[in-house]
Q: 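Have a look at the structure that comes next, please.
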Amino acid sequence: MALWGGRFQGAASEQFNAFNNSLPIDYRLAQQDIEGSIAWSVALQTVGVLTQTEQQTIADALTQLSSKVNQDPSALLQSDAEDIHSWVEMKLIEAVGDLGKKLHTGRSRNDQVATDLKLWCKQTIEHILSSIEIAIQALLVVAEREYATVLPGYTHLQRAQPVTFGHWCMAYVEMLERDASRLKDCQKRLNTCPLGCGALAGTAYLMDRTALAQSLGFDSPALNSLDAVSDRDHVIEMASAASIGMAHLSRMAEDLIFYNSGEAGFIEMSDTVTSGSSLMPQKKNPDACELIRGKSARVFGALTTLLTMMKGLPLAYNKDMQEDKEAIFDAMDTWIACLDMTTLVIEGIKVHASKTKLAAQQGYSNATELADYLVAKGVPFREAHHIVGQAVLQAIEHSLPLESLSLNEFKALHPAIEDDVYQSLSLEASLNIRNNLGGAAPAQVKQAVAAKWQSHLPSKKGD
Ligand code: ARG
């Protein structure tokens, strides 16, 4: 039976019920709804709506319901209840009889769903933070192992300057750390409790809302009832953090797909995260990375859904807002799955150091070094840049690397060039020279990894 039948003379159509009911989606809020209901029963007792014995009976029945749901969370999908709030109330009434009908006193599904969803957001943020942390640790392990493995660095997907594979890993550690900090920031703002705001105008039962908020683990009560029941900022913020996070995972996936290609051959992905072709036996496809890249689309889609859903809604609650759950549940499920898959991919990477080195040696990525060499000999940089351009052109004509020009050829380009030029054109020299904070020199990468381990010790998983 619906919670609101009294003022109706006719029944809703089957078609409308199927359209309106949200249980198939919001059943996932069962535990949060039960938790919120127990807290509400305590609040009702403090204002004399429930006796202590009644409150205890209700809380006991709800606790039992919670463990039943825990055993089989999807069993409740068999019910034709309108939504998770109706389902929990129905089950309570089944268990304790008419007493259960007192629980909804002074409460509305509007403050209830807002509270349930915030509780879910808080728990989900913890889950994502721990997945991010585990991905960071996987990257740090590879960064530590490959801190000195030369990798061609690219701009415009053209070989630009050498970096190391460890340095590449550490770039994504930075991104993942920012993703975690965005979530923590969102967590601060969502920490106010809507319960006790009623349908929109507040509750007529004068309980201590601060105590109620704290009993549910919130920092404080939400301060305006109209806002509290219709605020979904936190859902949008999470989807936004997820979108930026997925953009990072997608870029990482794209880098790896390229590194893994036959053309580059820089890495080999583990058999655990690749698949074969039904037709071409030689193939080993980077499906995991392609799916991560592809799934970023649905997370961006969720953000657009949520922003568009909220825009233009008059205060306070509107049924449009029921659409928030499908979007945020899917976005967060997707983000978690992609983070965990990224960890698996990273853990299984084999780097082919001879190939990465060979590629870094090609492509004239030491051209900047020759310019810097000339600068050190007193040639202004702009002039040096031009001279090196000519040197590169000459080398390209012979299909040879820069360092294969003879000293006479170099001297013809600029008389200041001496025999020591060859030393500064070596791969090692061009890497080692970038030994300032944030640079790609192996010594610098090694230090960066050690510094990160300080805040990402394996024992701190999930911090
Ligand atoms: N299923 C609803 C939702 O997710 C719960 C709130 C319903 N409130 C109402 N006044 N009909 O938004």
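Atoms within each ligand, like the ligands themselves, are counted from 1 in listed order. Since the model is a prediction, treat every value here as computed from it, not as a measurement.
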Q: Kindly state whether the ring of Tyr27 and the ring of Trp87 have centres lying under 6.0 angstrom apart.
A: no

Q: Can you name the atoms of ligand 1, numbered from 1 with element, that are less than 4.0 Å from a heavy atom of Asp83?
A: 1 (N), 5 (C)

Q: Do Arg159 and Tyr364 form a cation-pi contact, if we require the NZ or CZ to be under 6.0 Å from the six-membered ring centre and within 45 degrees of the ring's axis?
A: no

Q: Relative to the heavy atoms of Arg109, which atoms of ligand 1 are at a distance of less than 4.0 Å?
A: 6 (C), 7 (C), 8 (N), 11 (N)

Q: Using 30° and 60° as the class boundaries, would you call the ring planes of Phe266 and Tyr259 parallel, tilted or perpendicular?
A: tilted

Q: Around Lys284, counting heavy atoms of other residues, nucleotides and ligands shown, do more than 12 lie under 6.0 Å from its NZ?
A: yes

Q: Under 3.5 Å, is there a donor-acceptor pair linking the side chains of Lys295 and Ser250?
A: no

Q: Using a 4.0 Å cut-off to any heavy atom of Gln322, which atoms of ligand 1 qualify?
A: 1 (N), 2 (C), 3 (C), 4 (O), 12 (O)

Q: Any idea which atoms of ligand 1 are less than 4.0 Å away from a heavy-atom of His85?
A: 5 (C)

Q: Using a strict 4.0 Å cut-off to heavy atoms of Ser22, name the atoms of ligand 1 that fall inside it.
A: 1 (N)

Q: Which bit of Glu82 gets closer than 4.0 Å to ligand 1, counting heavy atoms only: side chain, backbone, both or neither?
A: neither

Q: Going by the order shown, which atoms of ligand 1 are within less than 4.0 Å of some heavy atom of Asp26?
A: 1 (N)

